Amino acid sequence: DWSSNVCSSDLWDGRAYLLDRCELAYSPSAALYCSPPAGLGAQSALFVAFSAGHTISAEEEVRAAASRTPNAAVLIDPSLAELAAAFANPHRLVHIAGHAGVDAVTGRLSWIETGGGRLTQREIAELTIRAEVIVTTGCQTAQRAIRPGDEWQGLMRAFYLCGTKTIVSALWEIRDESALRFASHFYNIAPAEGFQPAVTSAMKRVRDWREHPYFWAAFAEIGRAHV
């Protein structure tokens with residue numbers, strides 16, 4: 001399906017980007033988008049940083065974002081057991097910063113790089129992350145393989161299977177500086193205006209820094225009804 005590889009935000013009509021005309025969101029299906037799960041009732045936020053492979057610290061990113069977010073806790077390079085304990089309770093927001101990779105063949109071995117090795121899609125699904133919104137600024141975290149039956153395979157699938165309502169992520173490999181700037185602007189806006197307007201505003205702020213779509217158009221809101 002050609003449309004699965006199109007980034008709508010950087011479509012250009014000769015005068016403006018589509019991002020400047022519309023609010024944009026992606027979803028695996030209309031049924032999923034229109035059928036949000038019941039709210040978890042949680043108000044806490046969890047920020048997780050995996051520093052492996054980063055020239056600009058993932059820790060710097062999550063600490064700066066957490067400082068702008070009420071009821072926030074921070075984990076730096078946690079073990080799998082520490083992650084499981086942190087995810088034992090539901091959260092309104094989970095932010096994961098770190099380098100990620102996509103299994104382009106089946107999607108099932110996609111991963112997030114950690115100091116102790118790769119955290120795979122299967123391990124993420126087994127963590128049972130209960131969060132209304134997951135923000136992942138790792139490179140390619142929103143990339144997926146589409147298998148027969150149009151099923152998405154990749155990190156996005158693992159997050160959806162956990163019941164996440166909305167995911168904010170990157171569609172291709174991005175610079176650490178782009179991720180840091182996006183997260184900074186995103187959390188300046190999100191508490192007052194909501195996540196979807198924050199995604200659009202943060203993308204535009206990164207575009208003010210670097211005009212080429214490579215730097216800003218990768219970021220996307222993916223999921224169910226807007227929150």
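Position 1 is the first residue of the sequence; numbering continues from there. These numbers come from a predicted model, not from an experiment.
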Colleague: Atom CD1 of I134 and atom CD1 of I222: how far apart are they, to the nearest 0.5 Å?
Modeller: 11.5 Å

Colleague: Is the backbone N or O of A64 less than 3.5 Å from a side-chain atom of S67, with the two atoms forming a donor-acceptor pair by type?
Modeller: yes

Colleague: So, using salt bridge (charged side-chain N to carboxylate O under 4.0 Å, His left out) as the criterion, who are the partners of R210 when residues are at least two apart?
Modeller: none

Colleague: How many angstroms lie between CZ in R68 and CG in N188, if you round to the nearest 0.5 Å?
Modeller: 4.5 Å

Colleague: If I take atom CG from residue N89 and atom CZ from residue R130, how far apart are they, to the nearest 0.5 angstrom?
Modeller: 6.5 Å

Colleague: Transitively linked via ILVMFWY side-chain contacts under 4.5 Å: F186 with I189?
Modeller: no

Colleague: Can you tell me how far the CD atom of E221 sits from the OG1 atom of T200, to the nearest 0.5 Å?
Modeller: 8.0 Å

Colleague: Please report the C-alpha distance between F47 and T69 in whole Å, then the side-chain angles of each, then the deciding distance to 0.1 Å, and finally whether the side chain to side chain contact (heavy atoms under 4.5 Å, CB included) criterion is met.
Modeller: CA-CA 10 Å; F47 290 80; T69 307; 3.5 Å; yes

Colleague: Check for me whether the distance between the ring centres of F195 and Y187 falls short of 6.0 Å.
Modeller: no

Colleague: How about D77 and F50: do any of their side-chain heavy atoms sit closer than 4.5 Å?
Modeller: yes

Colleague: Write down the atom of A66, the atom of A72, and the distance for their closest heavy-atom approach.
Modeller: O-CB, 3.8 Å

Colleague: Considering residues at least two apart in sequence or located in another chain, which fulfil the side chain to side chain contact (heavy atoms under 4.5 Å, CB included) criterion with S79?
Modeller: A81, E82

Colleague: Got a donor-acceptor contact below 3.5 angstrom from the E193 side chain to the A190 backbone?
Modeller: no

Colleague: Is the shortest heavy-atom distance from the side chain of V48 to the side chain of P78 under 4.5 Å?
Modeller: yes

Colleague: Taking all heavy atoms of V62 and all of A97, pick out the closest pair and write down the distance.
Modeller: CG1-CB, 3.7 Å

Colleague: For the residue pair A217 and L171, what are the closest heavy atoms and their distance?
Modeller: O-CD1, 4.4 Å

Colleague: Is there a donor-acceptor pair under 3.5 Å between the side chain of W216 and the backbone N or O of K204?
Modeller: no

Colleague: Could you check if a side-chain atom of L80 sits within less than 4.5 angstrom of a side-chain atom of L127, using non-hydrogen atoms only?
Modeller: yes

Colleague: Do P213 and W12 have side chains that get closer than 4.5 Å, going by heavy atoms?
Modeller: no

Colleague: Could you tell me whether the side chain of I129 reaches within less than 4.5 Å of the side chain of V94, counting heavy atoms only?
Modeller: yes

Colleague: Is the shortest heavy-atom distance from the side chain of I76 to the side chain of R63 under 4.5 Å?
Modeller: yes

Colleague: Is D20 salt-bridged to R207, going by a charged N under 4.0 Å from an acidic O?
Modeller: yes

Colleague: Please examine the side chains of L93 and E132, heavy atoms only from C-beta on, and report whether any two atoms are closer than 4.5 Å.
Modeller: no

Colleague: Has the side chain of H185 got a donor or acceptor atom that lies under 3.5 Å from a matching backbone atom of V199?
Modeller: no

Colleague: Looking at every non-hydrogen atom in both residues, tell me the closest pair between R92 and A42 and how far apart they are.
Modeller: CB-O, 3.2 Å

Colleague: Is a side-chain donor or acceptor of R21 paired with a backbone partner of Y17 at a separation under 3.5 angstrom?
Modeller: no

Colleague: Is the distance from the ring center of F182 to that of W209 below 6.0 Å?
Modeller: no

Colleague: How far does OG of S44 sit from NE2 of H91, to the nearest 0.5 angstrom?
Modeller: 5.0 Å

Colleague: For the residue pair L46 and V74, establish whether any side-chain heavy-atom pair is separated by less than 4.5 Å.
Modeller: no

Colleague: For R181, check salt bridge (charged side-chain N to carboxylate O under 4.0 Å, His left out) against everything at least two apart and list the hits.
Modeller: E177

